[in-house]
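Here's the structure we're looking at; comments come further down.
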Amino acid sequence: MTTSQHNPWQTESVEEVYDNPWITLTHRKVIAPTGKSGIYGKVHFKNTAIGVVPIDADGHTWLVGQYRYTLDQYHWEIPEGGAPLGESALTAAQRELREETGISARRWTSLLQLHTSNSVTDEIAHVFVAQDLSFGETDPDDTEVLQLKRLPLEEAIDMALDGTITDALAMASLFKVRLLLERGQLVI
């Protein structure tokens with residue numbers, strides 16, 4: 001299979017449809033790689049998505065529970081947030097973990113980079129494993145009402161396997177942590 005390094009799509013026009021402090025939505029007229037004319041909607045995120053899997057010496061992690069407006073459902077996730085473009089992903093991860101859980105960590109490991117939904121958005125996510133933990137007070141954003149749950153890491157992974165956790169970033173992160181542990185590439 002041959003992959004091309006050049007962009008086979010042609011953009012004929014770009015119209016900004018919506019803009020707020022977090023996203024910009026554009027409507028694009030395009031010519032597809034097949035030569036057919038079409039349209040494309042693109043959501044540009046003004047922040048980088050950030051996630052953290054904190055793991056203590058006993059093999060426990062922390063999940064954050066909150067009601068997700070877009071889905072009209074309550075969800076359990078790993079600690080997540082955003083980094084303004086240009087801010088270090090690690091600095092943002094350290095801040096988000098402290099704000100949402102009150103946890104600080106002395107050891108940080110880059111876990112993954114992920115495109116959250118590459119058919120409609122350019123959003124990229126960075127996730128870290130945080131270890132050698134210390135504990136303080138939470139400081140959530142003024143729009144967040146969060147519930148924290150400390151549980152064995154395997155239980156969190158089981159929640160992703162059984163569909164209790166459906167957040168893509170949390171699922172990918174928990175599954176990769178399990179794989180790295182099994183391969184001996186991550187040590188608790």
Side-chain angles (χ1 to χ4, degrees), residues 22-23 45 47-84 87-118 121 123-188:
W22 303 279
I23 63 169
F45 277 77
N47 290 288
T48 300
I50 299 295
V52 182
V53 180
I55 305 173
D56 68 17
D58 297 324
H60 287 76
T61 192
W62 282 257
L63 297 177
V64 175
Q66 63 183 308
Y67 203 88
R68 287 297 189 182
Y69 179 84
T70 54
L71 301 173
D72 195 21
Q73 295 176 342
Y74 196 86
H75 280 259
W76 287 100
E77 305 160 0
I78 62 174
E80 297 176 358
E87 180 182 23
S88 154
L90 178 57
T91 299
Q94 292 166 335
R95 181 187 66 251
E96 287 296 334
L97 182 62
R98 192 172 45 256
E99 287 176 358
E100 292 192 354
T101 67
I103 296 173
S104 296
R106 288 185 292 281
R107 186 166 38 129
W108 290 85
T109 305
S110 178
L111 181 64
L112 61 81
Q113 291 184 22
L114 177 102
H115 291 101
T116 57
S117 186
N118 66 4
T121 180
E123 184 180 40
I124 188 167
H126 296 270
V127 181
F128 297 86
V129 173
Q131 293 177 281
D132 296 333
L133 309 179
S134 58
F135 304 90
E137 295 297 316
T138 62
D139 184 24
D141 292 341
D142 60 5
T143 61
E144 293 177 322
V145 176
L146 306 176
Q147 183 178 351
L148 297 178
K149 181 188 288 195
R150 179 183 183 261
L151 67 166
L153 180 61
E154 276 303 312
E155 283 185 30
I157 294 167
D158 287 344
M159 289 172 70
L161 284 169
D162 72 17
T164 303
I165 294 174
T166 59
D167 176 73
L169 191 56
M171 293 177 72
S173 300
L174 291 167
F175 294 155
K176 186 164 183 184
V177 163
R178 173 185 262 172
L179 183 62
L180 292 177
L181 287 169
E182 288 174 356
R183 291 181 174 182
Q185 295 173 295
L186 181 66
V187 178
I188 294 180

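For this chain, numbers begin at 1 and follow the sequence in order.
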Residue pair Arg68 / Glu77, side-chain heavy-atom distance below 4.5 Å: yes
Is a side-chain donor or acceptor of Thr61 paired with a backbone partner of Pro54 at a separation under 3.5 angstrom? yes
Validation row: Trp76, Met159 side chains within 4.5 angstrom (heavy atoms): yes
With heavy-atom distances below 4.5 Å as the criterion, would you say the side chains of Leu111 and Leu180 are in contact? yes
Pairs touching residues 123-137 that satisfy salt bridge (Lys or Arg N to Asp or Glu O under 4.0 Å), sequence neighbours left out: Arg107-Asp132
Sequence neighbours excluded, which residues qualify as salt bridge (charged side-chain N to carboxylate O under 4.0 Å, His left out) partners of Asp56? Arg150
4.5 Å side-chain heavy-atom contact, Leu161 and Arg178: yes
Tyr67 side chain to His75 backbone, donor-acceptor under 3.5 Å: no
Using a 3.5 Å distance criterion without hydrogens, assess whether the side chain of Glu155 forms a donor-acceptor pair with backbone atoms of Pro152. no
Could you verify whether a donor N or O on one side chain and an acceptor N or O on the other, from Thr164 and Asp162, lie under 3.5 Å apart? yes
Counting N and O atoms only, with roles assigned by atom type, does the side chain of Thr121 sit under 3.5 Å from a partner on the main chain of Ser117, one being a donor and the other an acceptor? no
side-chain contact (heavy atoms from CB on, under 4.5 Å) test vs Val127 passes for just one of Leu169, Ile50, Val177, namely Leu169
Can you list every pair that meets ring pair (Phe, Tyr, Trp, His ring centres under 6.0 Å) and has a residue in residues 125-175, with sequence neighbours left out? Trp62-Phe135
